[in-house]
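All heavy atoms count here, side chains included; hydrogens, waters and symmetry mates do not. Order of the sequence lines fixes the chain letters, A, B, ..., with proteins taken first and strands second; residue numbering starts at 1 for each chain.
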2 protein chains.
Amino acid sequence: MTASIYDVAKRAGVSISTVSRILNNSANVSDKKVQAVKEAMEYYQYEPNQFGRGLVKQRSNMIGVYTPFHSGSVFESSYTLELLKGIERVLTRHNYSMVLISESEEYSNRVKGSPRFMEYVRQRRIDGLLLSGLNGKSMDEEALKQILDEEYPVVYIGKKFHKKGINVYAQYESYMHQMIETLYADGHRKIVLYFYTTHENYLAGIVKKAEEELEELELIPIALSHITDIRPDLIADFRKYVIGGGCTAICSPGIETTQIILSVCGELRLSVPETVSILSVEHKSGEGRRLFPQISAFFVPAKDMGSGAAELLLDMIEDCPLEETSREYETKFFDRESIRQL
Amino acid sequence: MTASIYDVAKRAGVSISTVSRILNNSANVSDKKVQAVKEAMEYYQYEPNQFGRGLVKQRSNMIGVYTPFHSGSVFESSYTLELLKGIERVLTRHNYSMVLISESEEYSNRVKGSPRFMEYVRQRRIDGLLLSGLNGKSMDEEALKQILDEEYPVVYIGKKFHKKGINVYAQYESYMHQMIETLYADGHRKIVLYFYTTHENYLAGIVKKAEEELEELELIPIALSHITDIRPDLIADFRKYVIGGGCTAICSPGIETTQIILSVCGELRLSVPETVSILSVEHKSGEGRRLFPQISAFFVPAKDMGSGAAELLLDMIEDCPLEETSREYETKFFDRESIRQL
DNA sequence: CTGTTAGCGCATTCAT
DNA sequence: ATGAATGCGCTAACAG
């Protein structure tokens, strides 16, 4: 058994309240006792038991990070990874730690009828929740609304969908539209638009707007799973649309997909940008520059978004009044000449 | 305030022990009371407060995962990511969750003179610890030895370095040697060997053995940081050793590095494998097949290693007797013709 | 089968 | 400035 506050108090010849006061800087204690207590703490390598402390404070200093199952393992895409890096950084600095909450593969959401993060919230394992990858279709949103209504500290990454709650986002529809416009302006008329299923509910709007505004445009939207191996599908797509279908440009929703696209192009002897133009989203600055050939991209500052979300969440937890209820991040375009002017 | 066991008991018209018994399946309770209690639990959406429970059981059902700072953010390399995926899978299945413990960038290890994971251990935040990326040079090993001596549940990923403790590993020295041998057998005599600093303490041995056994070999070991942008360095290396120095083959320690190598080759107009042969390590099966050109690789089953480590750890925690004190994972070679026979 | 009770480690209030 | 006492929510030992 590790030492408790009693052991420290006994060795230092003081009462446990004195030790507690020193631990929490909650009152003045005479220098002599401080010394004695510090000695005892080092002697035992004492650290306050978090169960005892938590029972009183109802605080764990842990933040839950949740991504629904349909968006794949958190560890899959460079987008979520950058988010995590940003989150990690802020939390570490504020002495919080990160608990990854994942839906188990087998039961998916159905174990208790509500998403996993609810357990953590109700059990008070976490002081707040960061969410990403909601797509409005699972039951996760129901649960989320419920805790938002209870004023539980939550920040979600994605578009606002409920009056309460703080969110952090980049204008997905807007930069997707810009991608299409950019290609259109260079003369491309038949474009394959890859997207992750996480964003499928935005898609109809994007397609509609693009086809309305850009008259001759023919858009071929194709969903990508985060879960299966997409390479064979891509090869089929390229055969059908690029080699056989007159399609001249591809939009990729992330660099990991772009890499596969490039290897597919290599295998099919399609040169970039001569035969096919490629435009990508990147979530880590400069990712597109590290490919060969370099790929033009819209940079979405995922790491900053993660940090921002974490900061807002910690502010909520520490009861700092928040001025903003929503924070938008700007994307930035990097032209690396992977688009051919037609 | 969320509901406590008292609220549930009151609403169900029973005592708290009855509720507790139902929660823990620890004794038979009459059907009627079970029904009443279940109704009350649903009514309140009751989940047992983990502080209360933990205070009695001294168990958090959380596992800490730690990687020292020098090996970069956990979220950087595909190796650690695969490890995490494997760990996540096993933990989720056993109703444990993962706490990421990271050293803060600013203070590095020095805050308390001991690595961050010690806090978590002593505060009883975690029931066990998974470690990866130790390199024998930081103070982390000291702390680790200490908790190993206390029989604290720990599994580390990497070579055994202390009589106590369980470890899981792939023979790093052995497959690195095989990589060199493979290239040597095909006639390569001057080889650049990239390695991550995490493994630098193994390097002297590898170089020595290779140069002893393979007479005409000239090995150029180059360390890669996980932290900075390595692309400019690689370009300089390739200019110096491949274009200017007669080097004909490159060993890459991981696919993320291999990708950069390929883009550097593209930029410098070096064709693979005609001008330069490339051999890589891959931590996710098939990674090398997704590049263009495809790259031959030694596959290190990082995900399985993560799962294995987590399983062993959970066994320790649940007091299952372990037969093994060390578990080795086999690597597998995939020939994808990225090596030219000289 | 069920209720009562002690105690887990700590912060905090109330005396002193 | 300090100690004694209370209670946070829960499990488990005990008594019935």
Just the rounded figure in Å: distance from [atom2] of [N] to [atom1] of [X].
X	N	atom1	atom2	answer
B/Ile16	C/dT2	CD1	P	15 Å
B/Arg125	C/dC10	CZ	P	13 Å
B/Arg59	D/dA12	CZ	C1'	16 Å
B/Arg21	D/dC10	CZ	P	15 Å
B/Phe51	D/dT11	CZ	C1'	17 Å
B/Lys57	D/dC10	NZ	C1'	10 Å
A/Asn25	D/dA1	CG	C1'	15 Å
B/Asp7	D/dC8	CG	C1'	13 Å

Touch class at under 4.0 angstrom, heavy-atom based, for B/Gln58 against every strand present: sugar-phosphate
A/Lys10, NZ: over 12 other non-hydrogen atoms inside 6.0 angstrom: no
Any donor-acceptor pair under 3.5 Å from B/Gln123 side chain to B/Val121 backbone: no
Think [X] has a side-chain N or O under 4.0 angstrom from the OP1 or OP2 of [N]?
X	N	value
A/Asn28	D/dA1	yes
B/Ser30	C/dT2	yes
A/Lys33	D/dG3	yes
A/Ser26	C/dA11	no
B/Thr18	C/dG3	yes
A/Ser15	D/dA4	no
B/Arg53	D/dG9	no
A/Tyr46	C/dC10	yes
B/Asn24	D/dT11	yes

Any donor-acceptor N/O pair under 3.5 Å between D/dG9 base and A/Arg124 side chain: no
Sole residue of A/Glu324, A/Met316, A/Arg327 in side chain to side chain contact (heavy atoms under 4.5 Å, CB included) with A/Ile166: A/Met316
Separation of B/Thr92 OG1 from B/Met98 CE (nearest 0.5 Å): 6.5 Å
Closest listed nucleotide, where the reference is the side chain of B/Val56 and the choices are D/dC8, D/dC10, C/dT2: D/dC10
Minimum-distance nucleotide (side-chain atoms of B/Ile5 versus C/dG3, D/dG9, C/dG9): D/dG9
Earlier contact from the 5' end, DNA chain D, for B/Ser17 and A/Val14: A/Val14
5' priority, DNA chain C, between B/Tyr6 and A/Leu23 [closest heavy atom]: B/Tyr6
Residue mapping more 5' on DNA chain C - nearest nucleotide basis, B/Ala27 or A/Asn49: B/Ala27
Residues B/Ser132 and B/Tyr79: side-chain donor-acceptor under 3.5 angstrom: no
Side-chain heavy-atom pair B/Tyr96, B/Met62 within 4.5 angstrom cut-off: no
